[in-house]
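Reviewing the structure listed below.
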Amino acid sequence: MQERYDYQQIETKWQKQWAERDMFKLKQEGDKPKYYCLEMFPYPSGNLHMGHVRVYSIGDVIARFKTMEGFNVLHPMGWDAFGLPAENAAIKHNVPPADWTWSNIANMRRQLQTMGISYDWDREVATCHPDYYKWTQWLFLQLYKSGLAYKKKAHVNWCPSCATVLANEQVVDGLCERCDSQVEKKALAQWFFRITDYAQRLLDDLNKLPGWPDKVKTMQENWIGRSEGVEADFPLVEQKGDFDKITVYTTRQDTIFGVTYLVLAPEHPLVETLVSGNPNEGNLRNFIKKVLSQSEIDRTATDAEKEGIFTGHYCINPLTGEKVAIWLANYVLFDYGTGAVMGVPAHDQRDFEFATKYNIPMKVVIQPEGVDNLVVEEMDRAFEEEGQLVNSGEFDGLVNTKALNVIADKIETEGKGKRKVNYRLRDWLISRQRYWGAPIPIVYCEKCGEVPVPDEQLPVMLPTDVKFSPSGESPLTTRPDFHECTCPQCGGQGRRETDTMDTFVCSSWYFLRYCSPKDNEFAVRKEDTDYWMNVDQYIGGVEHAILHLMYARFFTKVLYDLKIVSVEEPFENLLTQGMVLMGGSKMSKSKGNTVSPEEIIAKYGADTARLFILFAAPPERDLEWSDRGVEGAHRFLHRVWRLLQTYGDQFANVPNLIIDSPELQDLSGDDRELVRISHYSVKKVGEDIGQRFNFNTAVSTIMEMVNALYQYKDKVSLDQQNLPLVKDALARLVLILAPFAPHICEELWQELGGGDSVYKQAWPGFDEKSLVRDEVEVVVQINGKVREKLQLPNGLDGETLKAKALENNRVQELIAGKNVVKVITVPNKLINIVVK
RNA sequence: GCCGGAGUGGCGGAAUUGGUAGACGCAAGGGACUUAAAAUCCCUCGGUCCGCAAGACCGUGCCGGUUCGAGUCCGGCCUCCGGCACCA
């Protein structure tokens, strides 16, 4: 055995051997249960960062543990390889995006390999590979044929800096998620996926995901934003062109008797008719122009000034028959509800502010119970709580929460409107005016219109020998050899769609492709997904809580409906890991607070890097990087190494490795404790990895085990030591440390004479009897305060405990002269004597 | 504003079902070994009182409650983080 722990030599050696032996190549053995362990695949930026090290270390612990537990484990890796950085690099360094991407992939693959992660590299996929995007395009066509993909002209989010449109989900506080530029609104014809058709199922099925963090489910719930209300028709006093009414959406139909005005979004189709020829046309047009020129962020900020203008027109309140003034205002959004809103200033704070500003009358229709009557003149804010209806005709006296239903009934039976569920979720805008993405497989033909590319012509290949203009404009639009084509339907001249797909489309189904990554007949082969899906454990950053995780759920549901897969939800269990911080903030190049994984691995080895990152914090919490902590982890591995080294020669005549159920009767106290700790550690580490995902406490348990082994070694002279038990303990130690620090454990397993790879070994069992202590420490409390500790035999009953405590000298002193009111006992734990 | 989550030593964190708060690690201080250093090993390490010890009291963001017993449960607040937000 070597003196020194030479991590470099050991890690290189085992990485090479694992590769040569195809150790992690999946063998689908029928008699074993399956386990699909998946970490979110990375964007190939070129270099691994610490966040990657964290996710992939977590995933690898689970994968290796499950393998040892006897599962067929699918643990694949691939690349989310389309996207804008490749184009930016192309412009900056004049390299084609494909070359840039493939060389980044090669580098990151190499880096992952130095981490010693147990991937089956034969299943690697890259979304930018034609064999992959061919099927992304095919799936697009399935959606298209089901009516779930459509093109429409809409006011869409435009990022001027990325020179492309964005989905709603990619706009954060009015800024582009990628580059933080202010997003503009542009009217453009764009491709959408009809995710809103699935809004209710996406919401309902969150209940089928007990293995997801509540936090993520709540975020999706908020994003879907379901609300129940009524669409009510307000007839116009005079018909205007095709319009004879305005439909408003409200969730507060109980306040409909309190309507004193009505507001249209400036984009509402009725607006033009109301404005043209209006005596106040000039002012109205100026107002509309002003609002439309406001940026999204200015217009939707909560504290934005509410502004409006009266149109001079009126409509009729369907329940009261009263005339209602029609206004235009900046605070009404056109793309939510009907783009028209009723104004109830007495019972809606926003309406209250608007009405106060423009001197619009108010009408109280809900009175708080048991309080002095609300008087409009005295109100300084809207009354939005529960109360009884007043000034509401036949509904007076009803509690407003009840009136919601009753009034909705009335509106429906009288044909004045209908109940309506609305969602905040919008359709998913998937077109991108970019080059480096999967081309949308559609051809435009003068004669036939929009024509889908036939399956046999897929993939629509992305040309790779491209030149970029500094403006960043997609080369697809300027290359006739790409966009000029024949119409697949009539053979006439066609023009190819030059938009590509949002990269989130590519990542919405990669977990299915891993099940049959090389299949060239199907996007996903059903028998394979039937076996492997769902993903048993999915691991990734919480930043994808809405975007990727909702899109992937949507895709899975669509494919389920198309009978392409048999599962409705893709991810059974989700673990969202926290960020890696340095100095309290996220590591980033611009802040200059990064630590390079490659350097850390070179300096301390992959096992150390992995062990530290798993030990430093529980996985879902943010982790503060600490160079000292890394050294601590490194020290620990040295300690393990030395421990085995001291026994190296002693084991020559000890044939056993693991002893399943040791004979306990004749053991000395020290031997007995050694056995107990070995078995306890196996139990605890197994639970921490398999059930709690608390890798930090698993590591601390292993550290305690090592400390105990050192204590045994120092305390018991060598000729007195029970070497078979020591060897058993060391074998257990190596096995349970193996998922965390794979290389050193493989080496130590060989040193112990374990033969075949440590990852071919079963996770050790533990013997219940061995866990039991002969003696336990029992605490004596007096009035809840710890006053004495007793060493007592295990398993004494309450009465005996009580007697033992009361006969103790110190306890007698403390309770002398007092009345013992009550004694509470918890076996093997505590005795609480209540005295007065 | 609404909805989540969190708050424990100098630091990262542990305490799994209401039962010994501070496991494990980092840092710090002291010591051993060494010509010296590195490495390693040993001891101390929440606060106050006290020369030390014994011991007592205080201590898990704040205030109150339930309980024999609360970091853990309940009510009210404060702070931080995350999500949503003029969504009618």
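Across G69(B) and G82(B), the matching C1' atoms stand 35 Å from one another, rounded to whole Å.
Under the Watson-Crick or G-U wobble criterion, with both distances below 3.5 Å, C26(B) is paired with G10(B). Both distances falling under 3.5 Å, in either a Watson-Crick or a G-U wobble arrangement, place C57(B) opposite G47(B).
For the contact set between residues 327-336 of chain A and RNA chain B, defined by any heavy atom under 4.0 Å, the members are Asn330(A), Tyr331(A), Val332(A), Leu333(A), Tyr336(A). Less than 4.0 Å separates RNA chain B from at least one heavy atom of each of the following residues of residues 691-709 of chain A: Arg692(A), Asn696(A), Thr697(A), Ser700(A), Met703(A), Glu704(A), Asn707(A).
On a pure distance criterion of 3.5 Å, a polar donor-acceptor pair joins the side chain of Asn832(A) and the base of C68(B). Contact annotation: side chain of Glu777(A) to base of U20(B), donor-acceptor pair present below 3.5 Å.
Note: Phe352(A) and His347(A) fail the aromatic proximity criterion, with ring centroids not under 6.0 Å apart. Taking the six-membered ring for Trp, Phe615(A) and Phe636(A) have ring centres at least 6.0 Å apart.
Separating the NZ atom of Lys215(A) from the C1' atom of A6(B) is a distance of 10 Å, rounded to the nearest angstrom.
The closest donor-acceptor contact from the side chain of Asn819(A) to the backbone of Val821(A) lies at 3.5 Å or more, if one exists at all.
Distance check: Asn694(A) CG to Ser700(A) OG gives 9.5 Å after rounding to the nearest 0.5 Å.
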